[in-house]
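This report concerns only the one structure given below.
Note that these values count all heavy atoms, side chains included, but never hydrogens, waters or copies made by symmetry. Everything quoted here is computed from the prediction, not taken from an experiment. Here is the naming used below: chain letters follow the sequence lines, and residue numbers restart at 1 for every chain.
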2 protein chains.
Amino acid sequence: MLSILKTGDCLSVVPQLQQKSRLAYLDPPFFTGGRQESTTRDGKKKYSYDDRWNTLDEYLEFIQERLLVVKKALHDGGSVIYHCDWRTSHHARVLLESIWGREGFKAEIIWTYKRWSNSKRGLMPAHQTLLWLAGSEDYVFNQAFDEYSPTTNVDQLLQLRTRDDRNKSVYAADANGEILPNGKKPGVPLSDVWDIPYLNPKAKERVGYPTQKPVALLSRVVELFSNEGDWVLDPFCGSGTTLVAAALLNRNAVGIDTSPEAVALAKSRVASPEVSHSRVLELGRDSYRRKDNLEHLAGLDVTPVYRNRAIDAVLQEGHLGLPVLFRVQRPGESIAELHTRMLAAVQKKRARVGFIVETCWSTQSEMFLNESPLVQVVKAPAIEVTRCLEKLDVA
Amino acid sequence: MLSILKTGDCLSVVPQLQQKSRLAYLDPPFFTGGRQESTTRDGKKKYSYDDRWNTLDEYLEFIQERLLVVKKALHDGGSVIYHCDWRTSHHARVLLESIWGREGFKAEIIWTYKRWSNSKRGLMPAHQTLLWLAGSEDYVFNQAFDEYSPTTNVDQLLQLRTRDDRNKSVYAADANGEILPNGKKPGVPLSDVWDIPYLNPKAKERVGYPTQKPVALLSRVVELFSNEGDWVLDPFCGSGTTLVAAALLNRNAVGIDTSPEAVALAKSRVASPEVSHSRVLELGRDSYRRKDNLEHLAGLDVTPVYRNRAIDAVLQEGHLGLPVLFRVQRPGESIAELHTRMLAAVQKKRARVGFIVETCWSTQSEMFLNESPLVQVVKAPAIEVTRCLEKLDVA
DNA sequence: AAAGTAAATGAATCAGTAA
DNA sequence: GTTACTGATTCATTTACTT
């Protein structure tokens, strides 16, 4: 497969291309009104580009001219994926529909992610928009499937369904009232909301180019909207993520950028593609989440903590400026081991005090009553109730 | 709090309103080019409305006229939340910005949900858009917080950070190299992507009105963008979900709809406090509010009991063939009164024993330690924690 | 006991925002 | 502009466990 990189303005470069593309992915500047800068990990090289226009109209004209040449470089049924954010998504769509027509619009894809946050009066931006349009109904779309939601009823997967006389969906049955089995189901059709981790600041995949997109996002775009051997076009290729994704998926690709540094970087990336396989994406965020019994802390304003064996939660307010730690006993855990770990944690994290909530009764725990003022063992009501009922047995 | 419902076109009704609103939530027809119909569960009543305009311009003019009167009915810093889908979100935003100004635009909120799917060539639509605009910078925004992601590590929550000489963020330490504690952490600011379950076809909440929105969604809108006692306006109120949410959250509300059937339905929904009350409990589960106090009984197999002042739950197994009763202290309730009531209940219901879980500390409760073997007072861990921290203060 | 592997957790960084 | 904060993530290192 070929990866072609060209330096220059796509406005003049795209018309010179020899082959028609199946897919164009555009990730132009977002009209943030600033300058995007980023430095490589070693601090040696600095990449940047300007995202400044005098007026919105000027910006939109810039985009429109380039969209027109891109359309000409696409196959008849070629797809465009236009990547933008809340600042310009509405204008971009009007522009795109003016060129591809209202019927050319196929979907508004929401790329959502969790990212480092900050204090803000208002809602934290956590999504960007990908607009999909196609030149005709001959577009390529490789159907993909998500897993079923964990709440999905087995019967829905196994039983055939039909409609009753009021046109409501019901389970189908044969003449004897026996249920009818359903064929194999591939999964849920992929939705237009994509939860893909944002390219983490620490990811190896990062090359120091500003606004770099994750390969995981581009792989999905390339895979859905083109076939193997097709040509993929990225007129604002930046550090070349699209070309990396295309190369990995056996597509030919053309990347164009005005910055010679960006093109050089993209060339080197394509030559030795680095993909950080995201653990979060593979396992899902919930895999980190313990099935917790924080209900035992009801009535306290606590923040749950997940990646630590000694601590389940911390008090939101703290106490006199120092943290207060919590750990709820889980079945099979001895108070002794929890006590040791908690004591270490209190000292290491410079906490005021650590609490262990005892949930499984044993005589052991009494031993720790006056062990150290830094770790306190408190009993869950369930324990007191059980002990009290046991006393009643004896009486 | 007041809930006012009016039949008619909001274009003429809104200008007659006496009071200014803090928030207007608009959920107009989506320009689907069809007729929206839905039937109640029993099949008796059929609700419908027309969503047919000849041209897009005609539709947009219809919306624009109504937006203009709505703006006049809002306080200076009032917020509009305009609910739409991918069909019209771009046009709606252009329209809204033409009235409220580019700087009036505050956020593009994505409501995402999982919904049962039919196979389709393309991506499953799984989101709708809520556009937030405000008339000035005096808008109401009640900051809300999400929980931290399970991948977040404790140190970031507990340790203060600073910047080194190269302006990189590092953990702060005192002169001795000891880590410094960080202050209060409320959680992560709420993001602009809201994952709220779509109103399930089988949900009790469903009243058979087409395009009915979940109370959980409207509760969040009302809570974020208005204060208690404010007026909330819904010019296309349909089955009245906005008014239900407003009533639950102590806001006054005006709902308007052209359909007399819709208005009648909305009136009945708002007027039945019993239904709404049970919904509050459901709401608490997936909203970010305080949880049910039966969590204090975590670890015990109990059956909740409603409609009884003395009893909150009973032990599922009982004890030696007799019932065991539970009551969790609620804020403002004295242990004395609960004790009296519980004693009566234990005798009347011929129970083995009754437990009162103390959740708010007072010296009172000690008096009841040996009062009667039939009623036992046990402490929630939160109490022990609070007492322990108070002791630390003294030391 | 030493060596090798898996799991736990500490460190670093940013198309972040606010004052 | 400059300074002060943010937390989700992956990378890197330490600790725990097995052979």
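- Residue contacts for A:Y113: at a heavy-atom cut-off of 4.0 Å it reaches no nucleic acid atom on any strand shown.
- Checked against a 6.0 Å centroid threshold, the rings of B:Y139 and B:W132 count as neighbours.
- A:S278 has a side-chain polar atom (N or O) that falls below the 4.0 Å cut-off from OP1 or OP2 of D:dT10.
- Spacing between atom CZ of A:R206 and atom P of D:dT10 amounts to 12 Å, rounded to whole angstrom units.
- Mapping A:Q36 and A:R121 onto DNA chain C by nearest heavy atom places A:Q36 closer to the 5' end of the strand.
- Nucleotides of DNA chain D nearest to B:V188 and A:E205 differ in position, and the one nearer the 5' end is that of B:V188.
- Contact annotation for A:P214: no contact, since no heavy-atom pair falls under 4.0 Å across all strands.
- Residues in residues 111-124 of chain A take part in no salt bridge (charged side-chain N to carboxylate O under 4.0 Å, His left out) pair, two or more places apart or across chains.
- For A:F62 and A:W53, the gap between ring centers is short of 6.0 Å.
- As rounded to whole Å, 16 Å separates atom C1' of C:dT13 from atom CD of A:E37.
- Atom OH in A:Y209 sits roughly 16 Å away from atom P in C:dC14 (whole-Å rounding).
- Scanning for side-chain contact (heavy atoms from CB on, under 4.5 Å) contacts around A:L374 gives A:L343, A:V346, A:Q347, A:S372, with sequence neighbours left out.
- Across all strands, A:Y49 comes closer than 4.0 Å to base atoms (heavy-atom distances).
- Consecutive pairing runs in DNA chain C reach the stem threshold at C:2-14 with D:7-19, C:16-19 with D:2-5, where a stem means at least three Watson-Crick or G-U wobble pairs with distances under 3.5 Å.
- Summarising the geometry, the separation between OH on B:Y148 and C1' on D:dT6 is reported as 9 Å, rounded to the nearest angstrom.
- Remark: C1' of C:dG16 and OH of A:Y198 are 9 Å apart, rounded to the nearest angstrom.
- Nucleic acid contact class of B:G187 (heavy atoms, under 4.0 Å, all strands): sugar-phosphate only.
- Partners of A:R87 by side-chain hydrogen bond (donor to acceptor under 3.5 Å, both in side chains), not counting sequence neighbours, listed by chain and number: A:D85.
- In this structure, the separation between CE on A:M342 and CD1 on A:I356 is 5.5 Å, given to the nearest 0.5 Å.
- Under the rule for a side-chain contact (heavy atoms from CB on, under 4.5 Å), the partners of A:K46 that lie at least two apart in sequence or sit in another chain are A:E37, A:T39.
- Applying the salt bridge (charged side-chain N to carboxylate O under 4.0 Å, His left out) test to every pair with at least one member in residues 253-265 of chain A, sequence neighbours left out, gives no pairs at all.
- The ring pair (Phe, Tyr, Trp, His ring centres under 6.0 Å) search around A:Y288 returns none, not counting sequence neighbours.
- Rounded to whole Å, the distance from CE on A:M124 to P on C:dA18 is 10 Å.
- When the P atom of D:dT6 is taken as reference, atom CG of B:L190 falls 18 Å away, rounded to whole Å.
- Which of C:dT17, D:dT10, D:dT9 sits closest to the side chain of A:A203 comes down to D:dT10.
- Within the structure, a side-chain polar atom (N or O) of B:S149 is placed less than 4.0 Å from OP1 or OP2 of D:dT9.
- Here A:F31 and A:H91 keep their ring centres 6.0 angstrom or further from each other.
- In terms of phosphate contacts, A:S117 brings no side-chain nitrogen or oxygen within less than 4.0 Å of OP1 or OP2 of C:dG16.
- For the contact set between residues 259-267 of chain A and DNA chain D, defined by any heavy atom under 4.0 Å, there are no members.
- The list of salt bridge (charged side-chain N to carboxylate O under 4.0 Å, His left out) pairs with a residue in residues 312-329 of chain A, not counting sequence neighbours, reads A:R290-A:D312, A:D312-A:R327, A:D312-A:R330, A:E317-B:K184, A:R327-A:E333.
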Indicate for each nucleotide in nucleotides 6-12 of chain C, in 5' to 3' sequence, whether protein heavy atoms under 4.0 Å reach the base (B), only the sugar-phosphate (S), or nothing (-).
---BBBB

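- For the pair B:L180 CG and D:dC5 C1', the computed distance is 15 Å after rounding to whole Å.
- Take A:H319 and apply the ring pair (Phe, Tyr, Trp, His ring centres under 6.0 Å) test, not counting sequence neighbours, and it matches no residue.
- Contacts of A:K213 classified as salt bridge (charged side-chain N to carboxylate O under 4.0 Å, His left out), with partners at least two apart in sequence or in another chain: A:D27.
- Between A:L281 and B:P186, it is B:P186 whose nearest contact on DNA chain D lies nearer the 5' terminus.
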